[in-house]
There are 2 protein chains.
Amino acid sequence: MKATIKEVAKKANVSPSTVSRVIADSPRISEETKTKVRKVMKELGYHPNAIARSLVNRSTNTIGVIMPKSAHLSLANPFFPEALRGISASANAHGFYVLLSIEEDEHEKHNGIENIVRAGMVDGMIMLYSKLEDKTFNMLRDCQFPFVLVGKPVKGNRVNYVDNDNVYAACEAASYLLEKGRKNIAMITGPLDLVVSLDRLAGYKSALEAHGIAYRGELIRSVEFSRENGYKAIESIFKDGIQPDGVLVTDDLLALGAMNAIKDAGLKIPEDIAMISFNNIPTAEFLTPSLSSVDIHPFDLGYEATELLFKSLGNKNALPQARIIPTQLIIRQSC
Amino acid sequence: MKATIKEVAKKANVSPSTVSRVIADSPRISEETKTKVRKVMKELGYHPNAIARSLVNRSTNTIGVIMPKSAHLSLANPFFPEALRGISASANAHGFYVLLSIEEDEHEKHNGIENIVRAGMVDGMIMLYSKLEDKTFNMLRDCQFPFVLVGKPVKGNRVNYVDNDNVYAACEAASYLLEKGRKNIAMITGPLDLVVSLDRLAGYKSALEAHGIAYRGELIRSVEFSRENGYKAIESIFKDGIQPDGVLVTDDLLALGAMNAIKDAGLKIPEDIAMISFNNIPTAEFLTPSLSSVDIHPFDLGYEATELLFKSLGNKNALPQARIIPTQLIIRQSC
DNA sequence: TTGTAGGCGTTATCAT
DNA sequence: ATGATAACGCCTACAA
């Protein structure tokens, strides 16, 4: 059985409140008493109970992290684990714990998160994605519960968020291809209900526009993140009788599949089709050809999001803030 | 402000205990009252406070997950995220939450975990590694705190654990190389204070023995997990004037570096040096040559560990159990 | 079937 | 500088 504050108090011949003050290192307790009480705490192996503390303080020193269903696939993708590391690093630095919620399906997800929030398990949340019409997002916003989005909110939603400039990043990547003389640039992107997909598509379009090239919808494929879907997307473009000379892919897993589809069609990268992708997985440089990719700095996204959360926890009616984490286009052999 | 059980009670004209019983769906409450109370709960948007519940129940419905420092590097490695998914899947199924602890350094780590445990934040723990003389392990064991090790405990420590048969897996892989006619098989392994490293080394040795080949210590390199270290390990073997015709690597990240070192030395894989690695990262099949690797089924390791934890939570004085998750040697071009 | 009262371990307020 | 007391929100004997 664990020692409680009362037992410490009894053994030290003081009252529980005195012990409590010693724990808080209150200046209103004599050094003498402090050392005496501390000695007893050691002897008894006493450690304050976090639950009881949370109950009276109405705060748990814990932040929640929401990972979307698609993260299951993408856990292979370094984005989520790296973001998690960033979150954890910031939380640790503030003496906070991290409650992780990886949910199974849409329905459960919503319930799970709502439980965590309504049950008072966490003081704030980090959402590791941003999509249109998201129930969890709406719930959090409607509750006025403190949270930070990793990703950009839908227009008009004024909330705390941390994101890359995905429009810029995609524009930069597409421009690189265009300036290499590529004219027919396909795009393979994730689901279009994700804000990140929309942003990157917008960036792609703006690059075309800046280079005086017309946008053609038939060059675009939107699919769920997986290697298989990357493969199929390229296949489908070829089947439509289109042969692009470049392709912008919004995720390296998709790119892996796409590369294989291109090879299987007897075409060469980058000679026939140049490729740039996103996320810069650790093996990108070891592929043949090595894969050009945009590093989005997921650790920083997680870290800064958490820092922002603490800031808003400290000042409940602070205005929503945004932080933009720079991206880095890493050119390798694939373009 | 959130509604409490008292407010529900008042509005429903019943006592708090009745509401409590409705929450627990006690059979001693009439259906009539139940529906009445439930209606009020809905109206008030009532949700039981998990903290208060935890305090009186002395249990938090939360399990902790400990990720070691080296996981930082290895988060690029699918092992940890996949294991996390498995843990989360099992925890969700049991209505439990997951508290994640990724710690910075050894010292902090110990303190962090000890806090979590002693503060009563979690009902049990999953340790995602196993090494010799580990402080956290000893602390947990000495506290008699319920936990499950993913990995094998040091001999003599009777604790719950879930692991692969790493001796067998390494033996199988080494034997494969030997049966392909390779005679001088090097081994690049992780730190030798990790039980997994020792086991795989033992498996390698036993394969040699079974094939009547003498063990030579100069063929072995033990390094921290990283691509750079994989590169250096091969370099160091070459520098010693040794040219192996096969190499067994205990992690794909190490293998990536090793492959490059071999290529840079002007040698070919598998012609000059055949290679088998561990962990089967998603890109293994996309490398050139594609990398043979042992899939250790990290999801299952996490899932089964958590199931085992729940079992031991249910029966505090059950005897320690072990579960072995099968491995799968996946042969590709590198051997 | 339902209500009352005490307590889970802590902190905060008000005394002393 | 320290102690008594009352919460925090819930559960659970024990009573009725």
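Remember, it's a predicted structure, so these values are computed and weren't measured experimentally. By convention in this document, chain letters (A, B, ...) are assigned in the order of the sequence lines, proteins followed by strands, and residues within each chain are numbered from 1.
- Using modelled atom types, one finds a donor on one side chain and an acceptor on the other under 3.5 Å when comparing A:His94 with A:Glu307.
- Taking atom CZ of residue B:Arg53 and atom C1' of nucleotide C:dG7, one finds them 17 Å apart after rounding to whole Å.
- Taking atom CD1 of B:Ile5 as the reference point, atom C1' of D:dC11 lies 8 Å away to the nearest angstrom.
- Looking at which nucleotide of DNA chain D each of B:Ile51 and A:Lys34 is closest to, the 5′-most match is held by A:Lys34.
- When the side-chain nitrogen and oxygen atoms of A:Ser20 are compared with OP1 and OP2 of C:dT11, one or more of them lie within a distance under 4.0 Å.
- Using modelled atom types, one finds no donor on one side chain facing an acceptor on the other under 3.5 Å when comparing B:Asn164 with B:His297.
- In this structure, B:Lys10 atom NZ and C:dT4 atom P are separated by 13 Å, rounded to whole Å.
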Protein-proximity profile, nucleotides 3-8 of chain D, B/S/- by nucleotide at the 4.0 Å heavy-atom cutoff, equals BB---B
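- For residues 38-49 of chain B, the pairs satisfying salt bridge (Lys or Arg N to Asp or Glu O under 4.0 Å) are B:Lys11-B:Glu43, B:Asp25-B:Arg38, B:Lys39-B:Glu43, with sequence neighbours left out.
- Rounded to an integer number of Å, the gap from B:Glu7 CD to D:dC10 P is 9 Å.
- Between A:Ile23 atom CD1 and C:dT10 atom P there is a gap of 6 Å when expressed in whole angstrom units.
- Donor-acceptor pairing under 3.5 Å is recorded for the side chains of A:Thr33 and A:Ser30.
- In summary, the side chains of B:Tyr129 and B:Asp134 do present a donor paired with an acceptor at a separation below 3.5 Å, with no hydrogens or angles considered.
- Atom pair A:Lys2:NZ and C:dC8:P shows a separation of 16 Å (rounding to whole Å applied).
- Here the C1' atom of nucleotide D:dT2 and the CD atom of A:Glu32 are 13 Å apart, to the nearest Å.
- Backbone-only engagement by B:Thr33 is indicated by non-hydrogen atom pairs under 4.0 Å involving sugar-phosphate atoms exclusively.
- Pairs of residues two or more places apart, or lying in two chains, that qualify as ring-ring contact (aromatic ring centres under 6.0 Å, His included) and include a residue from residues 139-160 of chain B are B:Phe137-B:Phe147.
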